[in-house]
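Here's the structure we're looking at; comments come further down.
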2 protein chains.
Amino acid sequence: MRPQKVLDKEIIIGLTQVFRSRGYEGASLQELSEATGLKKASLYHRFPNGKQQMADAVLNYINEWVNDNVFQALLNNDFEPKIRLKNGLSQIRTLYDGGNNTCVFRALSMQAGIELFEEQINKGMNEWLSTFKKIGVALNFKPQEAEQKAMQVLIEIQGSLIVTKGLGDITIFENTLKNIEHHYLKA
Amino acid sequence: MRPQKVLDKEIIIGLTQVFRSRGYEGASLQELSEATGLKKASLYHRFPNGKQQMADAVLNYINEWVNDNVFQALLNNDFEPKIRLKNGLSQIRTLYDGGNNTCVFRALSMQAGIELFEEQINKGMNEWLSTFKKIGVALNFKPQEAEQKAMQVLIEIQGSLIVTKGLGDITIFENTLKNIEHHYLKA
DNA sequence: TATTAATTACCGAACATTCGGTAAAATTTA
DNA sequence: TAAATTTTACCGAATGTTCGGTAATTAATA
């Protein structure tokens with residue numbers, strides 16, 4: 001019996017895991033094949049434009065996940081802003097597996113990657129900024145302050161992921177999430 | 001005539017530039033050869049253990065540069081703490097070319113790199129932390145506060161470099177340097 | 001000092017391996 | 001059966017690495 005068709009989602013998850021940890025150049029077709037359970041040629045059936053299209057799909061997948069989870073939590077008017085912030089940060093914790101996962105933006109923004117994915121990364125980061133600006137405004141900060149805070153959040157998340165990995169200490173990421181919450185709620 | 005010896009420093013500078021912008025996997029021997037002016041085989045004459053040894057040398061070179069410039073400026077007792085801080089941040093600006101350069105730690109800490117250079121990156125980051133703790137103490141912060149501030153500095157520098165690159169906006173890095181200065185001097 | 005040996009600095013060419021990618025056949029699904 | 005999907009088998013190019021060798025400088029020897 002021939003193996004059953006591998007689900008799209010499982011494929012994307014496998015690709016994501018590899019690109020995320022290896023970066024664009026570091027992700028080899030062999031590893032991508034092993035992680036997805038599809039042979040190289042099968043991957044090319046699903047992604048005729050090859051590696052680049054695979055990474056593209058990963059970027060879209062993460063973008064969707066962030067929209068459906070992080071941003072949704074932050075903007076869900078069923079809850080008051082404080083709760084939304086907490087929920088959003090909790091989703092971010094999940095996104096980066098408590099600091100164990102690298103950010104896809106980072107993984108795909110080294111030289112060879114940045115030219116290919118510049119646009120998506122730029123767009124993605126701007127969406128983070130505008131969403132966090134909104135939660136800032138909802139928490140009664142002036143627009144300009146909210147904008148600065150949003151930038152600060154983005155920088156601290158990215159920075160703490162790097163330092164977390166560099167020092168091999170997960171608590172750094174966790175502390176950063178707590179600090180972000182305090183920054184918003186102390187005023 | 002025997003070709004003149006290519007200066008060690010010139011080689012390291014070329015290697016640094018490539019590893020920094022391309023990452024470990026992305027840095028090809030061809031590119032490293034072009035950047036240094038040495039043919040591949042000659043690079044192997046200087047670095048018998050190949051690519052890994054080259055990246056290792058880059059890490060050491062940057063570490064030395066940071067010690068001789070950034071840390072030296074921060075710890076130079078000929079100046080008062082405020083001035084030292086300003087000078088240190090100015091050296092950091094130079095190190096990252098105002099936000100145009102990637103951090104070598106980041107470039108060499110993707111999966112394939114992190115296993116090889118884990119130790120050096122860990123050690124390097126801890127040196128940043130302890131040095132910035134010292135300037136914090138010199139500015140009359142309690143040891144614990146100074147420690148937290150040092151971590152914050154490291155995170156913000158790393159994060160702002162990522163976001164600067166992702167958004168293609170140099171002012172983000174510059175603003176972060178200003179913010180760091182304010183964080184230290186406002187209390 | 002003159003001669004010899006060892007070392008240094010470099011390079012062209014080839015090495016095995018891995019890379020991303022493809023054509024065609026086999027298998028499954030409908 | 002026809003279309004869709006996966007596989008095997010393969011490719012050219014690029015990768016990191018090594019080999020064999022040249023020429024100049026340095027060190028040791030006599």
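Protein chains get the first letters and strands the later ones, always in sequence-line order, with residue 1 at the start of each.
- Across the interface with DNA chain C, nearest-nucleotide mapping of B:Leu38 and A:Pro48 shows B:Leu38 to be the residue nearer the 5′ end.
- Residue A:Arg22 contributes atom CZ, which lies 14 Å from atom C1' of C:dT18 at whole-angstrom precision.
- When rounded to the nearest whole Å, the span between CZ of B:Arg46 and C1' of C:dT7 equals 14 Å.
- Contacts classified as ring pair (Phe, Tyr, Trp, His ring centres under 6.0 Å) and involving residues 119-140 of chain B (residues at least two apart or in different chains) are given here: B:Phe71-B:Trp128.
- Between the NE2 atom of A:His45 and the P atom of C:dA26 there is a distance of 18 Å, rounded to whole Å.
- A sub-4.0 Å separation between OP1 or OP2 of D:dT7 and a side-chain N or O of A:Ser42 is present.
- One can place CZ of A:Phe47 at 17 Å from C1' of C:dT22, the figure rounded to the nearest angstrom.
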Could you go through nucleotides 9-16 of chain D and list every protein N or O atom that sits under 3.5 Å from one of its N or O atoms, giving the distance for each pair?
unit_1	atom_1	unit_2	atom_2	d
D:dG16	OP1	B:Ala27	O	3.0
D:dG16	OP1	B:Lys51	NZ	2.9
D:dG16	OP2	B:Leu29	N	2.6

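- Residues satisfying the side-chain hydrogen bond (donor to acceptor under 3.5 Å, both in side chains) test with B:Asp8, not counting sequence neighbours, are B:Arg46.
- Under the 4.5 Å side-chain heavy-atom criterion for ILVMFWY residues, no single connected hydrophobic cluster contains both A:Ile170 and A:Tyr96.
- Here B:Phe79 sits in one hydrophobic cluster together with B:Ile83; the rule is ILVMFWY side chains under 4.5 Å apart, joined directly or through other members.
- Looking at residues two or more places apart in sequence or on another chain, you find a side-chain hydrogen bond (donor to acceptor under 3.5 Å, both in side chains) between B:Glu174 and B:Arg93.
- Residues passing the side-chain hydrogen bond (donor to acceptor under 3.5 Å, both in side chains) test with A:Asn126 are A:Asn122, sequence neighbours excluded.
- The 5' end of DNA chain D is approached more closely, in terms of each residue's nearest nucleotide, by A:Lys39 than by the other of B:Asn49 and A:Lys39.
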